[in-house]
Amino acid sequence: MRYSKLFLPTIKEVPAEAEVISHKLMLRAGMIRKLASGLYSYLPLGLRSLKKVEGIIRQEMNAAGAQEVLLPMVQPAELWQESGRWEHYGKELLRMKDRHERDYCLGPTHEEVICALVRHEVRSYRDLPLNLYQIQTKFRDEIRPRFGLMRSREFIMKDAYSFDVDDEALDKTYQAMYRAYCRIFDRCGLNFRPVEADTGSIGGHASHEFMVIADTGEDIIACCGSCDYSANVELAPALSDEPGQDAPDEAMRRVHTPGKRSVEEVTGYLGISPKCLVKTLVFTSDKGPIVALVRGDHNINEVKLKRLLRAERLELADNLTVSSVTGGEAGFIGPVGLKGRVRVIGDNALKGIKNFVTGANESDWHLAGVNWGRDLAWPEFSDIRLITKSDPCPRCKGGIEFKRGIEVGHVFKLGTKYSEALDVTYLDEAGVARPIVMGCYGIGVGRTVAAAIEQNHDENGIIFPRPIAPFECVISVVDVTDEAMMSAGERLYGDLLESGFDVLLDDRRERPGVKFKDADLTGIPLRITIGRRIKEEGRVELKLRTQGKGGATSPLLDDAAAEAAVIFKAMDHMGSALK
RNA sequence: CGGGGCGUAGCGCAGUCUGGUAGCGCAUCUGCUUUGGGAGCAGAGGGCCGGAGGUUCGAAUCCUCUCGCCCCGACCA
């Protein structure tokens, strides 16, 4: 491609709308432009990078035995009513009507559609296993789109759905997908980690997220420092059980705490440790109101609570509900003397606590010296808090660290949730109809590109890993009006094209500084500069994007293409050596 | 949905408090000079001041409503 013909509008200034580095750089490098909130146009440079990632995904998915299909993006409501998700999916599902007033939605995911396809076509155990994938635009009407392609409403996703005869067969498929995902993200040059994850509203039993480690990630991962355990904090069990305290029982008493609501305020005012305080939270859910208790220095984990309750919906109660359940106002509520019958769940860490402080359900008052069994009934105990640094690794009892991650892929064992709802069955060897056991496997394509940029950039711009770079090499002709330079550029351009590289010839009538800045900004891995030295010594200059000025080599023009090939080969080896 | 902020030239912003000729930088166009890290000088074009209504002799500026965008929270594959 010739730069003079390429639609590549770069921006010198930092765009005001962008918050995170990948978003800023993708705008500046002319990869994307925003159309509306959460909706982006892909320009040639951005599209090239997306296509590279898609190509890697296709190769690995095909190699793992999956087959590509393309499913409709607009989907009839009936299907979603059949699976029950028309009601349960919520406002993220963008619904619409056609001219006949029939209900449709834009596909945020394709379980329903793939089931509708497969249930008509697959009859026998002989047709299984089957694994189908597509690379499709999805739409999720996110409450708050942000960070550019990281969380947009319309986005490109690879989604695969597997169909197996039983759990054992699904295990094999799942493992194959897991391995394929590792290869895909390896090849994209990402520093990532597969972590145990919650299954969310998609449902199912086992699940792993593929997290790209980055400070700007929206998810938090709990990692063990000693073994390779890692899990989304939403899921990681908090195992430290405090030993029972054997202090003598104190008498329960009211303490005046005027205006002291938060844990810090109350414990600071009373001069006690947050560990001695029981924090009370009221939730509403489809299973009714819930009172959750955690220690003052711990945080509630709503995902765990939701799983425990088997609730579809769980949210912090509003002030009205809080006072109707407890009789108190937020900041002064406690589990003693709750109104009516309400399910009370205490975190495991509270089992052994004695003489604790908690809200009195009366404004400006707390209770101290409170004890289970005497002042209030023993609640049911469970693990409902977020894991902390002082908890042990659930696998090896080592220390836990926290990292932020960007979720670029997610694999689920769905089981028979959808096949039962949507009647996707096969006949086994005995002629008995059984529900097909399913798995599903997603990769955010745009998010993968954004994550790669998040991990690979410097103050001058993007530093693309070669496999997903829009161009592998740029030839910067310093002065295009100079015939010797320009003809050398053309010749090298032809050589590199012939060798099969994605090469960009910067033939613009721009000053050299502009060309260098744009080459750096767009992150092209290798730059070949053709300047004065072509006339004096017949030499050009090769510089990797990762190198400073010092690292350049200066081969003769005729050797440049071969040297570029050698450099790329070395880069590929370095890449695999890193793993 | 709650809280906060912003909509003025293609982009980034000032001007709004205190009403009176719509500005600056970058970009664009022309000319000359320059040519290895986002050039210099001279000149030019470009605006329904997000939209609607109101107050006023007069509104970018004050008031009301509305639309859009961004941030924090809530929520969420």
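It should be emphasised that the depicted structure is a prediction, and the values quoted were computed from it without experimental measurement. Residue numbers start from 1 in every chain, and the chains themselves are labelled A, B, ... in the order their sequence lines are given, proteins ahead of strands.
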N/O (side chain, [X]) to phosphate O (OP1/OP2, [N]) under 4.0 Å:
X         : N      : value
Arg140(A) : A77(B) : no
Lys12(A)  : A27(B) : yes
Arg532(A) : U35(B) : no
Arg28(A)  : G38(B) : no
Ser37(A)  : G68(B) : no

Once you round it to whole Å, what is the distance between [atom2] of [N] and [atom1] of [X]?
X         : N      : atom1 : atom2 : answer
Arg511(A) : U35(B) : CZ    : C1'   : 5 Å
Glu111(A) : A77(B) : CD    : P     : 12 Å
Asp482(A) : U35(B) : CG    : P     : 13 Å
Arg151(A) : C76(B) : CZ    : C1'   : 7 Å
Lys91(A)  : A74(B) : NZ    : P     : 17 Å

State yes or no: are the ring centers of [X] and [Y] separated by less than 6.0 Å?
X         : Y         : result
Tyr181(A) : Tyr174(A) : no
Phe210(A) : His208(A) : no
His110(A) : Tyr161(A) : no

Any N or O donor-acceptor pair under 3.5 Å from the base of [N] to the side chain of [X]?
X         : N      : answer
Arg527(A) : G37(B) : yes
Asp479(A) : G36(B) : no
Glu541(A) : G36(B) : yes
Asn460(A) : G37(B) : no

Would you mind classifying the nucleic acid contact of [X] as base, sugar-phosphate or nothing, using non-hydrogen atoms under 4.0 angstrom?
X         : answer
Thr529(A) : base
Arg509(A) : nothing
Arg153(A) : nothing
Lys306(A) : sugar-phosphate
Glu234(A) : nothing
Glu510(A) : nothing
Lys34(A)  : sugar-phosphate

Would you check if Trp86(A) and Arg95(A) make a side-chain contact, meaning some heavy-atom pair closer than 4.5 Å?
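Trp86(A) reaches Arg95(A) side chain to side chain.
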So do the side chains of Phe147(A) and Glu19(A) get within less than 4.5 Å of each other, counting heavy atoms only?
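Sidechains of Glu19(A) and Phe147(A): in contact.
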G-U wobble or Watson-Crick pairing nucleotide for [N] (cut-off 3.5 Å, both distances):
N      : result
G53(B) : C63(B)
G2(B)  : C72(B)
C32(B) : G40(B)
U16(B) : none
G25(B) : C11(B)

If I pick the C1' atom on U16(B) and the same atom on C63(B), what distance separates them, to the nearest angstrom?
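Roughly 14 Å separates the two C1' atoms.
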For the side chain of [X], counting heavy atoms from C-beta on, which of [options] is nearest?
X         : options                : result
Pro512(A) : A77(B), G36(B), G12(B) : G36(B)
Arg146(A) : C71(B), C26(B), A77(B) : C71(B)
Val478(A) : C71(B), A77(B), G36(B) : G36(B)
Lys517(A) : G37(B), C75(B), A39(B) : G37(B)
Arg447(A) : G38(B), G12(B), A77(B) : A77(B)
Asp518(A) : A39(B), C71(B), G38(B) : G38(B)
His410(A) : G73(B), C11(B), A77(B) : A77(B)
Lys543(A) : G37(B), G38(B), G36(B) : G37(B)
Ile143(A) : C70(B), C71(B), C1(B)  : C1(B)

Side chain to side chain contact (heavy atoms under 4.5 Å, CB included) partners for Glu264(A), two or more places apart:
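Here the qualifying residues are Ser262(A).
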Please give me the minimum heavy-atom distance between Ile387(A) and Ala222(A), naming the atom from each residue.
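Closest approach of Ile387(A) to Ala222(A), heavy atoms only: CG2-CB, 4.0 Å.
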On RNA chain B, does the nearest nucleotide to Leu314(A) precede the nearest nucleotide to Arg144(A) from the 5' side, or the other way round? Give the residue.
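Result of the comparison: Arg144(A).
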By nearest nucleotide on RNA chain B, pick out whichever of Leu316(A) and Glu19(A) is the more 5' one.
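Upstream on the strand: Glu19(A).
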Under 4.0 Å between a Lys/Arg side-chain N and an Asp/Glu carboxylate O for Arg85(A) and Glu112(A)?
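Judged by the 4.0 Å cut-off on N to carboxylate O distance, Arg85(A) and Glu112(A) do form a salt bridge.
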